[in-house]
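A short worksheet on the structure shown next.
Chain letters run A, B, ... following the sequence lines, proteins first, then strands; residues in each count from 1. All values derive from a computational prediction rather than experimental measurement.
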Amino acid sequence: MSVSYRAVQWNPAKKAYDRRLAFAIAGYLAVFFIAAATAFETSPLILAMRAFGTGAIALLVFILSIGPLARFSPRVAPLLYNRRHLGVAMFLMALAHAVLATLWYHGFGVLDPVTSILTSGSPFEGVAQIPFQPLGLAALLILFAMAATSHDFWLRNLSPRVWKALHLGVYVAFTLLVAHVALGVLQDAVWPGFAWILAAATTWIVGIHVAAGVKEWRADRRSRMLTADGWVRVGEVNDVVAETAEGRAKAVLIDECRKVAVFRENDAFSAISGVCAHQGGPLGEGKIVDGCVTCPWHGYQYLASNGQSPPPFFEKIPTYELRIEGRTLYVHPQAKPPGTPLPPCRMELKDGGEA
Amino acid sequence: MSASNEFYVGYLPTPARQRHFLSVFLPVCAFLAFVLAALAGAFSRPTGDGVWETGHEVTVEGELLATPFPMMRVARADGTMERVLLVEMGKHGADARIAPLVPTDGTRVAARARGFLIARGGQRMLELVEEDPVTLGGTLPARVDARSIGTVEIAGEIVDSKCWLGVMKPGDGKAHRDCATLCIRGGIPPSIICEAPDGTERRAIVVGRDGAPLSFDSIAPWIAAPVVVRGNAEVLDGMAFVRVEEIARADALVRSSERE
């Protein structure tokens with residue numbers, strides 16, 4: 001959360017995160033060089049090109065794994081918090097690979113390097129002969145756009161929707177990079193293990209995304225739009241209380257694409273949008289911390305009673321009206337304008353605390 | 001705090017369960033990354049045993065030739081002859097610099113050339129220094145030692161001589177194709193590399209049927225691809241040439257790294 005822009009809003013967690021990241025990258029490069037130098041006569045520039053390229057793809061696989069893994073276990077959530085630093089580091093490694101490859105393979109000739117890359121081609125038919133450098137260049141441009149806009153300044157000025165769409169380009173970039181490797185260096189590889197590693201990494205990424213999607217789909221199906229008089233059923237009050245810990249929420253699908261987070265605090269329920277105004281984080285998986293609903297991704301906070309970030313912050317999200325009829329809790333699918341105060345919906349507790 | 005209710009906020013202390021999880025998970029990830037680095041490094045394609053002695057200037061003396069490509073005929077210490085190709089820095093041939101120095105009437109020219117050696121498997125190339133690399137004068141070596149091989153069919157890969165001899169490491173394969181294309185377009189002599197029956201790597205410069213360089217457009221489609229070259233071969237002062245009659249796609253490419 002911020003009221004002004006800084007290049008990096010450092011805190012102890014981010015510093016610890018980046019120290020580990022720097023150690024991992026330095027360690028990867030060092031191990032690669034030592035292993036290669038031990039195995040055969042080395043050409044430092046070519047090895048640097050290979051080390052940065054393989055390291056960038058390994059880091060990209062790790063980055064793409066974090067989101068789905070966090071859907072399965074909240075213990076992975078700390079890795080989400082500073083993921084943009086992983087992304088920028090990965091882009092810089094990819095850029096180092098690209099600069100070395102472009103200068104070395106496409107520079108110092110009668111064509112300028114970019115023309116050389118874009119006119120790369122072969123008259124032979126067959127997948128194996130498809131030029132691979134333009135695929136890498138396209139992926140690098142996507143990663144550059146993501147790294148360059150990897151700041152809340154751009155998030156706010158591009159709008160969260162546009163920013164999110166831009167950053168989903170990472171999946172296009174990953175696809176292009178898999179093709180770049182498969183059609184490029186794998187064509188010359190002398191060790192078949194590289195093909196297996198690439199196949200395993202691709203299968204892993206596709207597999208955990210499908211698994212996370214299925215998990216999400218099943219959860220949505222359970223909460224699917226049971227309506228009465230235009231209201232959407234959240235559930236039996238007793239069941240909602242049993243399902244949600246104090247300060248936690250039940251996420252309810254109110255139409256095909258919108259979710260509401262119904263938070264329980266003491267003997268009352270409040271409903272706000274299930275989507276964080278920052279990066280679209282899942283507020284339904286958030287928690288009330290210090291009296292504020294807190295997003296699990298980056299810690300953005302909102303008051304459950306009005307959907308407003310506490311002063312001096314200014315983010316606002318829609319609120320939703322709740323009602324209890326009989327023993328059933330309902331939410332009205334019509335969103336109130338962002339930041340609209342609504343009174344919490346209180347349970348009537350019987351003796352022993354049962355609603 | 002129960003496992004289900006643990007909650008991480010970046011600007012607050014990390015809950016104990018998550019901290020303990022990460023203290024195991026992150027080292028495991030780092031270990032896997034280092035194993036991957038070791039495999040990727042150790043099983044990378046070998047870079048070849050060519051050398052490029054950039055920064056170490058040498059002078060070679062002998063007969064200067066301009067065709068089919070700039071080169072020097074040099075007498076070895078044992079009295080045999082060798083041919084040392086001459087190229088410019090970068091991906092440029094030396095034709096523009098050397099051609100004006102050699103008369104077209106057959107007059108032989110003695111010269112000294114300064115540059116940086118590029119060498120592989122006993123074959124040498126000189127990358128000329130930028131300023132005044134060639135000085136005319138000196139002793140002419142013996143006449144050409146020519147040996148005709150006859151018609152040959154060579155299955156291999158067309159590369160640019162400069163990268164393959166030691167500049168790029170490796171200077172062949174698909175990853176190197178665009179570089180080889182740029183080099184050949186710039187006037188670096190194209191060669192076909194192949195594996196000899198005894199398992200050693202061989203290289204022959206490819207030229208046209210008339211002994212002149214092939215046009216770039218005629219050879220470009222075949223660069224860094226598995227091909228079969230058919231033509232008449234000859235060995236001049238230990239350097240093999242193939243006068244190409246036909247080039248066709250081969251079913252399989254024998255890579256230099258597999259021979260190493």
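There is no side-chain donor-acceptor pair under 3.5 Å between D217(B) and S215(B).
Within the structure, every pair that satisfies the side chain to side chain donor-acceptor pair (under 3.5 Å) test and touches residues 43-70 of chain A, not counting sequence neighbours, is listed here: Y28(A)-T54(A), S65(A)-W204(A).
Ring pair H176(B)/Y105(A) is perpendicular by interplanar angle, where above 60° counts as perpendicular and below 30° as parallel. Ring planes of H180(A) and H97(A): perpendicular class, angle over 60° (limits at 30 and 60°).
Chosen from G107(A), C295(A), G193(A), the residue pairing most often with chain B at heavy-atom distances under 4.5 Å is G107(A). The choice from A58(A), A37(A), G286(A), S73(A) that makes the most heavy-atom pairs within less than 4.5 Å of chain B is G286(A). With chain A as partner, the option from A40(B), C163(B), G186(B), C183(B) having the largest number of non-hydrogen pairs under 4.5 angstrom is A40(B). Per-residue counts of heavy-atom pairs under 4.5 Å with chain B were compared for V185(A), V31(A), L80(A); the largest is that of V31(A). Note: A36(A) leads P12(A), A39(A), A36(A) in heavy-atom pairs under 4.5 Å with chain B. Interface summary for chain A: among W52(B), F25(B), F34(B), the most heavy-atom pairs under 4.5 angstrom belong to F34(B). Interface summary for chain A: among A33(B), G90(B), C179(B), G10(B), the most heavy-atom pairs under 4.5 angstrom belong to G10(B). Across M168(B), H20(B), M89(B), R19(B), the residue that shares the most heavy-atom pairs under 4.5 angstrom with chain A is M168(B). By number of non-hydrogen pairs under 4.5 angstrom with chain B, the leading residue of F23(A), F108(A), W191(A) is W191(A). The candidate from V167(B), L22(B), V9(B), T181(B) with the greatest count of non-hydrogen atom pairs under 4.5 Å with chain A is L22(B). The residue among R20(A), H106(A), K14(A) with the most heavy atom pairs within less than 4.5 Å of chain B is H106(A).
In this structure, R264(A) contributes its side chain and T244(A) its backbone to a donor-acceptor pair below 3.5 Å. Panel note: side chain E157(B), backbone G173(B); a donor-acceptor pair is recorded below 3.5 Å. Looking at D188(A), its side chain does come within 3.5 Å of a backbone N or O of K174(B) through a donor-acceptor pair.
Between R45(B) and D172(B), at least one side-chain nitrogen of the basic residue sits less than 4.0 Å from a carboxylate oxygen of the acidic one, meeting the salt-bridge criterion. A salt bridge is absent between E195(B) and R202(B); no separation between the charged side-chain nitrogens and carboxylate oxygens falls under 4.0 Å. No salt bridge links E243(A) with R248(A); every basic N to acidic carboxylate O contact stays at or beyond 4.0 Å.
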>> With side-chain contact (heavy atoms from CB on, under 4.5 Å) as the criterion, how do E88(B) and E127(B) come out once you've worked through the C-alpha distance, each side chain's angles and the decisive distance to 0.1 Å?
In response: CA-CA 5 Å; E88(B) 299 283 5; E127(B) 182 184 52; over 6 Å; no
> Given V181(A) and F132(A), is the side-chain contact (heavy atoms from CB on, under 4.5 Å) satisfied, shown in steps?
Replying inline: CA-CA 8 Å; V181(A) 174; F132(A) 65 97; over 6 Å; no
> Given the rule in the side chain to side chain donor-acceptor pair (under 3.5 Å) test, do S309(A) and Q301(A) qualify, once you have shown the distances and angles that lead to the verdict?
Replying inline: CA-CA 6 Å; S309(A) 292; Q301(A) 291 188 310; over 6 Å; no
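Heavy atoms closer than 4.5 Å to chain B are found in both the backbone and the side chain of F32(A). Only the side chain of L79(A) comes within contact range of chain B, with at least one heavy atom under 4.5 Å from a heavy atom of that chain. Looking at A24(A), only its backbone comes within 4.5 Å of chain B, counting heavy atoms on both sides. For L39(B), the parts sitting under 4.5 Å from any heavy atom of chain A are the backbone and the side chain alike. Contact annotation for T38(A): neither backbone nor side-chain heavy atoms come within less than 4.5 Å of a heavy atom of chain B. Proximity to chain B (any heavy atom under 4.5 Å) is shown, for L59(A), by neither the backbone nor the side chain. Within the 4.5 angstrom heavy-atom criterion, atoms from both the backbone and the side chain of L111(A) approach chain B. For F62(A), the part lying under 4.5 angstrom from a heavy atom of chain B is the side chain only. Interface remark: Q133(A) contributes side-chain atoms only to the contact with chain B (heavy atom separation under 4.5 Å). Neither the backbone nor the side chain of L32(B) comes within less than 4.5 Å of any heavy atom of chain A.
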